[in-house]
Amino acid sequence: MSTIETHKIERAEDELFVPIQVHDEITPVKEKNKRKQKRPKTNAVTKFDSALNTTALKGFTAFEMDVFWSMIQKARDQGTKEITIKYDEFERMTHFDRREKDAFHEVMISLSDKLDTLTIKRESSDFYEKLWLFQKFRLDKIDRSVTLSCNPQFDFILNSIGMGKHFTRMELDIYFQLKGIYTKELYRHLMQFRDKSTGIGYWAVNIEEFRLHLGIPESYRMSHIQSRVLNVAEKEFFTKNEDGEPIFEKFEVEKFKEKGKGNKVSRLVITFKEYRKPLPKVSLYNWAEGEPETLPS
């Protein structure tokens with residue numbers, strides 16, 4: 001019969017010695033103290049012409065999406081000149097924590113290949129046009145940097161902000177917090193229709209455009225869209241972050257069916273309201289009553 005001796009658990013500054021049984025002996029094994037540290041905020045905001053929302057980042061991983069929008073944020077207001085950005089800046093913004101040699105460079109190569117398929121469509125009754133975002137995209141493995149320049153025909157996407165109301169503003173800390181690729185795509189589209197002063201908005205979209213904008217496969221039925229896209233997004237939007245704050249305090253999807261098409265859903269109306277921190281209560285002195293008075297928040 002095995003015997004177990006009691007050993008004292010000793011705590012070092014960042015280590016914990018935990019006894020485990022090996023046959024008839026207990027050997028202390030060093031275990032890292034896994035205290036979760038709070039992620040630092042970047043407070044980065046990206047703005048772009050809403051024409052960019054006509055294309056989905058189809059085939060991108062969730063992390064590649066994070067890097068892509070980090071590049072958009074860095075390239076904004078730079079005109080068409082070449083700019084060089086160190087990998088370190090992207091790693092810091094996106095909290096990249098892989099330590100294998102050249103790991104981030106491999107991510108950038110994969111992202112570069114997918115950018116080849118990323119085009120923006122512009123059309124009217126008189127013309128139809130496709131644009132590629134970057135005119136140059138060069139990766140330097142030794143210098144750990146990317147050099148890029150915006151397509152001159154695409155200049156309005158990143159460099160004409162403030163010229164009108166047709167632009168999208170997106171907080172990257174919130175975007176990076178989201179995990180699902182469809183949730184990320186849905187969030188950026190909702191930001192196009194947000195009232196910045198109130199945090200309230202709605203997006204009315206037919207179901208085919210919804211598929212197209214989010215890159216949802218044609219094989220997905222409405223039941224799949226509900227369970228794999230909308231339900232997942234709702235859960236992420238209501239999940240509280242490290243500060244105990246959700247992204248939205250309201251997220252509702254109303255489905256409309258087309259007449260004569262049975263139960264087929266033809267249109268969605270998504271309403272949402274961003275979570276806003278409640279205003280602190282302010283105490284004033286009531287001179288008439290001689291007592292402090294608290295204004296409602």
Side-chain angles (χ1 to χ4, degrees), residues 33-48 53 56-70 72-73 90-98 107 168-205 207 210-211 213-217 220 222-255 265 268-280 297:
N33 190 346
K34 298 180 180 178
R35 286 193 295 259
K36 188 177 180 180
Q37 293 187 351
K38 195 172 181 180
R39 278 188 168 190
K41 291 186 177 181
T42 65
N43 295 317
V45 173
T46 188
K47 292 181 182 179
F48 51 91
N53 287 334
L57 301 184
K58 199 169 184 178
F60 285 56
T61 67
F63 184 72
E64 288 168 348
M65 289 178 174
D66 290 348
V67 177
F68 173 78
W69 290 111
S70 299
I72 295 298
Q73 193 267 342
F90 297 127
E91 291 172 336
R92 175 184 55 80
M93 289 180 69
T94 60
H95 307 288
F96 186 76
D97 57 3
R98 288 176 55 190
V107 169
T168 300
R169 182 183 190 276
M170 190 165 67
E171 289 77 11
L172 290 183
D173 283 322
I174 295 178
Y175 186 86
F176 295 158
Q177 178 183 330
L178 300 170
K179 305 301 181 186
I181 56 174
Y182 297 130
T183 306
K184 286 178 176 289
E185 291 286 73
L186 177 57
Y187 176 74
R188 67 142 157 154
H189 282 87
L190 293 180
M191 291 302 96
Q192 178 180 347
F193 302 99
R194 171 187 57 173
D195 184 304
K196 184 63 175 64
S197 61
T198 64
I200 298 173
Y202 76 94
W203 183 25
V205 58
I207 195 66
F210 186 76
R211 289 178 183 274
H213 290 325
L214 270 65
I216 298 172
Y220 274 29
M222 191 61 222
S223 59
H224 297 141
I225 294 176
Q226 182 65 54
S227 62
R228 301 177 188 178
V229 179
L230 298 175
N231 288 352
V232 173
E234 180 181 39
K235 183 178 180 180
E236 287 206 70
F237 290 150
F238 288 148
T239 297
K240 295 181 179 179
N241 63 14
E242 296 162 330
D243 296 319
E245 301 168 353
I247 295 171
F248 292 152
E249 59 182 57
K250 176 184 178 181
F251 175 75
E252 296 177 356
V253 180
E254 191 174 2
K255 303 183 184 74
V265 174
L268 303 176
V269 175
I270 304 173
T271 57
F272 62 96
K273 182 179 181 181
E274 287 182 315
Y275 172 81
R276 299 286 175 91
K277 287 184 179 180
L279 295 174
S297 58

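- You'll find the ring centres of W69 and F60 outside the 6.0 Å limit.
- By the 4.5 Å heavy-atom criterion applied to side chains, H189 and F210 are not counted as neighbours.
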Determine, stepwise, if the pair L268 / K255 fulfils side-chain contact (heavy atoms from CB on, under 4.5 Å).
-> CA-CA 5 Å; L268 303 176; K255 303 183 184 74; 3.8 Å; yes
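- In terms of heavy-atom proximity, A56 sits nearest to R188 at CA-NH2, 3.8 Å.
- Between E254 atom CD and Y202 atom OH the span is 12.0 Å, to the nearest 0.5 Å.
- Taking the side chain as every heavy atom from C-beta outward, V265 and I225 never approach each other to under 4.5 Å.
- Between the NE2 atom of H213 and the CG atom of N53 there is a distance of 8.0 Å, given to the nearest 0.5 Å.
- The OH atom of Y275 lies 5.0 Å from the CD atom of E245; values are rounded to the nearest 0.5 Å.
- Listed by chain and residue number, A62, M65, D66, Y175, L178 satisfy the side chain to side chain contact (heavy atoms under 4.5 Å, CB included) test with K184 (two or more places apart in sequence, or in another chain).
- Here the closest heavy-atom approach between residue T61 and residue I181 is recorded as C-CG2, 4.1 Å.
- Looking at every heavy atom in both residues, Y182 comes nearest to Y220 through OH-OH, 4.1 Å.
- Remark: K179 does not engage E236 in a salt bridge, criterion side-chain N to carboxylate O under 4.0 Å.
- Annotation for Q192 and T168: closest pair CB-OG1, 3.4 Å, computed over non-hydrogen atoms.
- Heavy atoms of other residues, nucleotides or ligands lying less than 6.0 angstrom from CZ of F96 number more than 12.
- For F193, the side chain to side chain contact (heavy atoms under 4.5 Å, CB included) test picks out W203, with sequence neighbours left out.
- If you take CZ on F248 and NZ on K273, they are separated by 12.5 Å, rounding to the nearest 0.5 Å.
- Considering CD1 of I174 and OH of Y187, their distance stands at 3.5 Å, rounded to 0.5 Å.
- With respect to the salt-bridge test (charged N to carboxylate O, under 4.0 angstrom), the residues K41 and D243 qualify.
- Nearest heavy-atom pair, S70 versus T94, reported as atom, atom and distance to 0.1 Å: OG-CG2, 3.6 Å.
- Using a 4.5 Å cut-off on side-chain heavy atoms (C-beta onward), V107 and F90 make no contact.
- Checking side-chain atoms of D173 against main-chain N and O of N43 turns up a donor-acceptor pair under 3.5 Å.
- Side-chain contact between R228 and I216 is absent, with no heavy-atom pair separated by less than 4.5 Å.
- A search for side chain to side chain donor-acceptor pair (under 3.5 Å) contacts involving R169 returns E171, not counting sequence neighbours.
- Between T239 and Q177 the shortest side-chain heavy-atom distance does not fall below 4.5 Å.
- The NZ atom of K235 sits 15.0 Å away from atom CG of L230, with the distance rounded to the nearest 0.5 Å.
- Under the 4.5 Å side-chain criterion, counting only non-hydrogen atoms from C-beta, E91 is not in contact with R98.
- Side-chain contact between Q73 and V45 is absent, with no heavy-atom pair separated by less than 4.5 Å.
- The two atoms that bring T183 and V232 nearest to each other are OG1-CG1, 3.9 Å, heavy atoms only.
- E252 is not listed as a side-chain neighbour of F272, based on a closest heavy-atom distance of 4.5 Å or more.
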